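Nothing here was measured: the structure is a model prediction, and the numbers come from that model. Residue numbers count from 1 along this sequence. Indexing begins at 1, ligand by ligand and atom by atom, following the structure's order.
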Amino acid sequence: MAPARIIEEVDWTSPLYEPAAYDGPPRNLEHINQLDFDPSLQPKEYHLQGTHPDSIILFLDVEILECTGKLPYRGDVLIKGERFASVGRVEGVEELKKNPKVRVFNGRGRTLIPGLGDAHTHLSWNGGDLDRLGELGVEEHTLLTARSAACYIDSGYTMCFGAAAAKERLDIVIRDAINAGDIPGPRYLANGKEMARRDGELVAGITAFADGPDEMREVIRHHVGLGVDNIKLSMSGEEITEIRSAQDCYFTDEESAACVDEAHKAGKRLCAHARARDSVKMCVRHGIDVIYHASYIDQEGMDMLEEKKVKHIVAPGINWLIATLNDAGAFGYHKEKAEQVGYKKELDHAIRGLREMHRRGIVVLPGGDYGFAWTPHGTYARDLAHFKNLLGFTSHEALIAATYGVAKLFMRSHEMGQLKASNFADCVLVDGRPLEEIEVLQDHDKLNIIVINGRVHKAGRKEYVAPPVAGQDGNSHPIVPDMDFPEVKKDMQKSY
Ligand SMILES: [Zn+2]
């Protein structure tokens, strides 16, 4: 008889804890479904202009990854106007192929996925030195913000949740210009400046200061009046500042409660920079909807969050920690320095906490803090690989979080985030198999076709040419001619 093995129960907070490997169906679908933000917090349902109602797009022979939990399967997809008309099986394909008004894309087995989403976006971070962001002139800054918006959609991102802007109206005007069809960009929920106490600032030039409940309420009212969709609180420190520790929380209970009351009264949700243990608890205790980072969550905070998990999402912005440790040296912030101030310790803590959250069904979404020098715009999909490689997500779970999860954060999961008939047609044709190699999403050259709201944002010239091999599609559809749509009456004066 083999000797009895002693199995020690190791807590998730211990560095020795190893969660069990998992390779089954996506577990987070159910948890995302259970999210239940109060209907009074529904963001405005912005409409993206510029899609002709008669537009028809037909994707033939694509590997369909719906992000509904179903495994990928081969089929066709039809888009009519702004929405998917059918997904999987399309009636009358032969007729559609012959119709010169239908734009036909031959998938040849490439994978069609829903447009991606980012839960923590800073369009106005310009890829440089954050400390000098406050010095940028408003005109230059507006152009740079528009450029980031274009970069998101070029990267296959069709939904972004604004997590603070460097100037109070930058996010708002860019959102409105995207919606008006004037500039390319994702669907966007705009934020204002991040609010911090005067003794808790992270970056002075881009912060709205407020001390005490009254002044904080005033800042929120001001931002709501400007037209933001979300409110951002900067509750904890950040090691790179060297004076405000990520383990310190600067907000009081009274202040947090006042902020939630004021924002929720106006129908706006709040998101918070909350690395410290106490800042996470503060978020849960008072109902701050979106918790960013949560690196130093402890057992008590985890239990509190689990109990209220239908009311919160966590977006760790994990790539910032990883890139600050590994990639910041080229910019003069060396690994030894990053480790010395605590980034390694924070990353280890964060990984343990986030794995446990995923295990307990707390919704964790990718995205976050791109737009610093060493987390450049355009590298957003690194998050999905981190979710798979570090946080215990399967590739399928990471993709569901980035699509359906972010749609739920928009409170529009009934019409966004999945490939499903009647949903808005936001999708990306990927030259690869994301479930087998999630890193493929980081390669822009592999994102062959990008569609938002039924409008083609990107498609190389070769996508418009029928297969060159005779007989491959019966030569029934040589070259798609230019669209010939009826005239649309134009506005005399542009006004957002
Ligand atoms: Zn951020």
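Figure legend: R269 and F37 shown as a cation-pi pair, the cationic atom lying under 6.0 angstrom from the six-membered ring centre and within 45 degrees of its axis.
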Margin query: Applying salt bridge (Lys or Arg N to Asp or Glu O under 4.0 Å) to E218 and R221, what does each step give before you reach the verdict?
Written below: CA-CA 5 Å; E218 206 177 298; R221 281 197 295 269; 5.1 Å; no
Notebook entry, point to check: Do D38 and K311 pass the salt bridge (Lys or Arg N to Asp or Glu O under 4.0 Å) test, and can you show the C-alpha distance, the side-chain angles, and the key distance before you say yes or no?
Noted result: CA-CA 8 Å; D38 194 281; K311 294 291 180 194; 5.3 Å; no
Next item on the list: Begin from the C-alpha positions of K193 and E168 and carry the test side-chain contact (heavy atoms from CB on, under 4.5 Å) through to its verdict.
Entry: CA-CA 5 Å; K193 280 176 137 184; E168 56 185 21; 4.3 Å; yes
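Within the protein, the N, O or S atoms sitting under 2.8 Å from the Zn ion (ligand 1) are H120 NE2, H122 NE2, D369 OD1.
A salt bridge links R382 with D327: the closest approach of a Lys/Arg side-chain nitrogen to an acidic carboxylate oxygen falls below 4.0 angstrom.
The shortest side-chain heavy-atom distance between H223 and I231 falls under the 4.5 Å cut-off.
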